[in-house]
Amino acid sequence: MEAGRFCHRRKKGHAYVSTDLMVMLERLSAAYGPQGWWPLPTLAGIDGRNRVGYRAAPSMPVPSDAINASQARFEIAVGAVLAQNTAWTGATKAILALHHAGFLSPGVLAGIDETLLGNTIHAAGTFKIKARYLKALATAWPAFEFEQPTRTQLLTIQGIGYETADCILLYCFGQPVFIGDAYARRILLRTGFFSSQQSYESTRRAAALLLPLDATYLAEAHALIDEHGKRCCRAKPLCKACPLTRYCLDARC
DNA sequence: CGCCAGGCAACAC
DNA sequence: GTGTTGCATGGC
């Protein structure tokens with residue numbers, strides 16, 4: 001995929017077809033540009049420079065042959081936990097604090113005192129719980145250096161639910177998963193893909209059928225959907241600035 | 001001030 | 001399997 005462009009065709013037989021959902025995502029990409037969620041440069045590689053606002057490239061999985069792939073995967077997984085129900089700015093402060101404290105490796109993190117860990121990540125909110133989650137993640141993580149985790153394995157780790165598990169599979173390990181999060185559910189409902197509220201799981205499965213089975217594509221799709229949810233498709237939608245009004249069935253648009 | 005932010009576990013039913 | 005609640009900081 002070209003930087004700054006989000007265009008993909010789902011192959012069907014010998015022809016290439018574009019689903020309505022893909023057309024919608026291309027429109028979001030044109031409106032918002034490349035999102036650059038993950039992987040960002042590893043913290044070690046950028047010497048503490050704040051990663052907030054890094055938007056030069058599309059989001060994509062960690063390449064398996066990347067020099068710092070192992071470190072990048074762990075940082076992403078830690079970030080996914082820290083970002084739960086929290087603004088990304090707070091999660092970023094917390095991950096930088098972990099980096100500066102020298103805690104950002106599975107071996108170190110697994111052994112840190114939980115109260116100290118909580119104090120270090122306090123900017124991410126719900127910090128006592130997240131300290132416990134991060135220790136569970138760090139303890140389980142070394143096994144995944146040799147063999148990629150399954151979804152079921154990830155879900156057994158305290159603090160990893162459906163969405164975090166799928167984000168780890170997608171952004172860390174390049175598995176093509178659609179993230180059926182709250183934004184995706186809201187947007188797909190308002191644009192008429194669903195006629196009623198759907199669960200995380202049914203959204204994940206249904207949307208995947210409409211999109212390329214391509215991790216790079218799905219990585220940027222998730223970022224675009226969340227950006228649209230934050231900017232326009234809020235609980236109280238800001239339809240005036242919405243790039244999808246012509247697709248939207250919601251009465252308020 | 002209230003609402004929301006790149007959710008999850010525990011529990012009830 | 002669905003619905004509710006506590007967790008907690010920071011930005012607007």
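By convention in this document, chain letters (A, B, ...) are assigned in the order of the sequence lines, proteins followed by strands, and residues within each chain are numbered from 1.
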Problem - For atom CG of A:Leu154 and atom C1' of B:dG7, their distance in whole Å - result: 15 Å

Handout entry: B:dG7 OP1/OP2 closer than 4.0 Å to side-chain N/O of A:Thr126
Key = no

Exercise for the section: Can you tell me the distance, in whole Å, between the CG atom of A:Asp181 and the P atom of B:dC4? Expected result: 16 Å

Practice task
Tell me which of A:Leu155 and A:Cys167 sits closer to the 5' end of DNA chain B, going by the nucleotide each one is nearest to.
Solution key: A:Cys167

Handout entry: Among C:dG10, C:dC7, C:dT9, the nucleotide that comes nearest once only the side chain of A:Lys93 is considered
Key = C:dG10

Exercise for the section: Give the ring-plane orientation class for A:Trp141 versus A:Phe173, where under 30° counts as parallel, over 60° as perpendicular and anything between as tilted. Expected result: tilted

Exercise for the section: Let me know the distance between CD of A:Gln197 and C1' of C:dT2, rounded to the nearest Å. Expected result: 12 Å

Problem - From B:dC8, B:dA5, C:dT2, nucleotide with atom closest to A:Gln84 side chain - result: B:dC8

Fill in the blank from the handout: Among B:dA5, C:dT9, B:dA9, the one nearest any side-chain atom of A:Tyr133 is B:dA9

Exercise for the section: Could you check how far NE2 of A:His228 sits from C1' of B:dA5, rounded to whole Å? Expected result: 17 Å

Practice task
Counting heavy atoms from C-beta on, name the nucleotide in B:dA5, C:dT9, C:dA8 closest to the side chain of A:Ala87.
Solution key: B:dA5

Exercise for the section: Look at A:Lys128 and C:dT9 and indicate whether a side-chain polar atom (N or O) is within less than 4.0 Å of OP1 or OP2. Expected result: no

Practice task
Please determine if a side-chain N or O atom of A:Tyr200 lies less than 4.0 Å away from the OP1 or OP2 oxygen of B:dC8.
Solution key: no

Exercise for the section: Select from A:Ala83 and A:Gly159 the residue whose nearest nucleotide in DNA chain B is closer to the 5' end of that strand. Expected result: A:Ala83

Exercise for the section: Look at the side chain of A:Asn85 and decide which nucleotide, out of B:dA5, B:dC8, C:dG10, has an atom nearest to it. Expected result: B:dA5

Exercise for the section: May I ask you to say what A:Ile179 touches in the nucleic acid, namely base, sugar-phosphate or nothing, with a heavy-atom cut-off under 4.0 Å? Expected result: nothing

Exercise for the section: For the residue pair A:Tyr133 and A:Thr164, establish whether any side-chain heavy-atom pair is separated by less than 4.5 Å. Expected result: no

Completion exercise
A:Ser199 has its side chain closest, among B:dC4, C:dT2, C:dT9, to C:dT2

Handout entry: Distance between P atoms of B:dA10 and C:dA8 (Å, rounded)
Key = 14 Å

Practice task
Looking only at side-chain atoms of A:Gln158, point me to the closest of C:dT2, B:dA10, C:dG11.
Solution key: B:dA10

Problem - Plane angle bin for A:Tyr200 and A:Tyr162 - parallel if under 30°, tilted between 30 and 60°, otherwise perpendicular - result: parallel

Practice task
Answer with yes or no whether the side chains of A:Glu220 and A:Ser29 bring together a donor and an acceptor at under 3.5 Å.
Solution key: no

Practice task
Measure the distance from CZ on A:Phe127 to P on C:dG6 and round it to the nearest whole Å.
Solution key: 18 Å

Handout entry: pair A:Gln153-A:Phe144: side-chain heavy atoms closer than 4.5 Å
Key = yes

Exercise for the section: Name the nucleic acid region contacted by A:Gly90, choosing base, sugar-phosphate or nothing; use a 4.0 angstrom heavy-atom cut-off, strictly under. Expected result: nothing

